[in-house]
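Input: a single structure, listed below in structure tokens.
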Amino acid sequence: MSVRTRFAPSPTGYLHVGGARTALFSWLQARRHGGEFVLRIEDTDLERSTEAARQAILDGMQWLGLDYDEGPYYQSQRFERYRYVLEQMLERGTAYRCYCTRERVDALREELMRKGLKPRYDGHCRDLAAPPPGAPEPVIRLRNPLDGEVRFRDQVFGPISVSNAELDDLVLARPDGTPTYNFTVVVDDLDMRITHVIRGDDHVNNTPRQINILRALGAEPPVYAHVPMILGEDGAKLSKRHGAVSVMQYHEDGFLPEAMRNYLVRLGWSHGDEEIFDTERMIELFDVTDVNRAASVFNHDKLRWLNQHYVKAADGARLEPLLARQLEKRDLDPAAGPPLADTVEALRERAPTLADMAEAARYLYADFDDFEPQAAKKNLTVGSGAVLARLREVLGSVADWSAEPLHAAVEQVAGELDLRLGKVAQPLRVAISGRAATPPIDVTLALVG
RNA sequence: GUCCCCAUCGUCUAGUCGGCCUAGGACACCGGCCUCUCACGCCGGCAACAGGGGUUCGAAUCCCCUUGGGGACGCCA
């Protein structure tokens, strides 16, 4: 049987890095085994689901290059199907109607908690022959087995078992008939013939419940693989306060998708000492069974390092429009300076991200009057006035305004004045760029024009 | 509280069924080389098996306990 995996986000926000990594792992597992990857949008919560979020997730997937073979399917369009399955379960007695009020259930939960017990539904309506008079619209609950235990072999965590006594009769559908998460997941994974369910490990506790639903449906469970969470630098669950968590924010910040993919795949997975994985390489080597069990901390510095690696390696032409966009975001006109191709070549080795590159290129695309104080103080001294004056004369006579003759010109001045190259180049650098760090002086001169 | 799960350098990790580990690589950090600055590159350094018991000739690797962390316990997903 071929491998079929899925990514099933709920459209209640942007695609965050944790979800993106789960998606990447699922995608990789399918690609590695020549299987299919399906995308399903879990939008049963009509209240919280938004069109903007749906689009944001799709954009994120596309940017990362995670293409899907089927979907996107929408749970909101499958309500009749869920309804049908529910009816069947009711008929077969694997599910039942529960007329308990919310108040009763809440009170029960509180009481059990207070007694130091695990809050579980007590099965009050489990064997009701008929609805009590004046009862509200019922919820539908699963008739969970009373004893025995559920075991499954997780592809990353290994064998996990939970006693049925720990589980209760979970709600499958609300009074208005809308299905709940644990139920729709099971029906969908079944209908979509998913063979490998790869998801965050916050779902391991849901798995035994889902297996019981599956059994009630007379079906066999798929293979489960729960991947550990991604934490923030402080060890707490990654969230907005840790900085950017939206994948598309990284796009905005000048990161390359291949860098993000490479970074994400190494979070919880590795192959010996290898650090650099292009898409082909990860498809060739990845397997969920090799994923680690411990959560990992998102490290921004390493992402930047990888991004710089890919910026250096990328085809320059691809970087040009990305740099242009970053310049525009800074109100700089890409046409007001040297050709983008030249800027990219000069700066790619010293820019971890395209955003850094745009910052480093500022003086090339707009006039500046803000000299770095330190640099100006150190280099634009009374003594350097003569040097700069002489440079102006010599450079003024350079016919071919390109790196080589410019380099010769600067060296000539240094020779004439019997100064080390640094004594000439550095004041010049500050004079034309306003800063102490730029590409080699000849390249910088050529760029400035 | 109750269940489930996790635990190697600051961080990501290697560590094939216990011996090749005086624990390897990468990021970050610190030094040096290169050099007109910055960066790249190269060389070197700092730095970890959470603690305690077992099992064994031998344990980072197996077992138990402790501690610490996470997750779940919803008519959210």
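FYI, side chains are in, hydrogens and waters are out, and symmetry mates aren't considered; it's all heavy atoms of this structure. Lettering follows sequence order; numbering is per chain, from 1.
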Could you measure between the two [atom1] atoms, the one in [N] and the one in [M], and give it in whole Å?
{"N": "B:rG18", "M": "B:rU56", "atom1": "P", "answer": "15 Å"}
{"N": "B:rG45", "M": "B:rC4", "atom1": "P", "answer": "47 Å"}
{"N": "B:rC17", "M": "B:rU55", "atom1": "P", "answer": "23 Å"}

Task: Pi-cation contact, A:Tyr74 with A:Arg40 (under 6.0 Å, within 45°) - done: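 No - A:Arg40 does not lie over the ring of A:Tyr74 by the 6.0 Å and 45° rule.
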For [N], the Watson-Crick or wobble counterpart (both distances under 3.5 Å):
{"N": "B:rC36", "value": "none"}
{"N": "B:rA7", "value": "B:rU67"}
{"N": "B:rA14", "value": "none"}
{"N": "B:rU22", "value": "none"}

Is it the case that [N] (base atoms only) and [X] (side chain only) share a donor and an acceptor within less than 3.5 Å, ignoring hydrogens and angles?
{"X": "A:Arg350", "N": "B:rC38", "answer": "yes"}
{"X": "A:Glu275", "N": "B:rG25", "answer": "yes"}
{"X": "A:Asp201", "N": "B:rG71", "answer": "no"}

Task: Over 12 foreign heavy atoms within 6.0 Å of CD, A:Glu87 - done: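 Correct, the count exceeds 12.
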Task: side-chain contact (heavy atoms from CB on, under 4.5 Å) partner of A:Cys125, chosen from A:Pro138, A:Pro132, A:Cys100 - done: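 Considering A:Pro138, A:Pro132, A:Cys100, a side-chain contact (heavy atoms from CB on, under 4.5 Å) with A:Cys125 is found only for A:Cys100.
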Open item on the list: I'd like to know whether the aromatic ring centres of A:Phe255 and A:Tyr263 sit less than 6.0 Å apart in this structure.
Closed with: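 No, they do not, as the ring centres are separated by 6.0 Å or more.
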Open item on the list: Would you say the rings of A:Trp27 and A:Phe7 are close, in the sense that their centroids are separated by under 6.0 Å?
Closed with: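 Distance test on ring centres: not under 6.0 Å, no.
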Taking the minimum atom-to-atom distance to the side chain of [X], which one of [options] wins?
{"X": "A:Arg429", "options": "B:rC6, B:rG70, B:rU37", "result": "B:rU37"}
{"X": "A:Lys302", "options": "B:rC6, B:rG71, B:rC27", "result": "B:rC27"}
{"X": "A:Pro440", "options": "B:rA28, B:rU37, B:rU2", "result": "B:rU37"}

Taking 4.0 Å as the cut-off, does a side-chain nitrogen or oxygen of [X] come that near to OP1 or OP2 on [N]?
{"X": "A:Arg109", "N": "B:rG74", "result": "yes"}
{"X": "A:Asn292", "N": "B:rA14", "result": "yes"}
{"X": "A:Gln308", "N": "B:rC40", "result": "yes"}
{"X": "A:Lys118", "N": "B:rC4", "result": "no"}

Open item on the list: In whole Å, I'd like the distance from the CD atom of A:Glu349 to the C1' atom of B:rC42.
Closed with: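 So the CD-C1' distance, A:Glu349 to B:rC42, works out to 14 Å.
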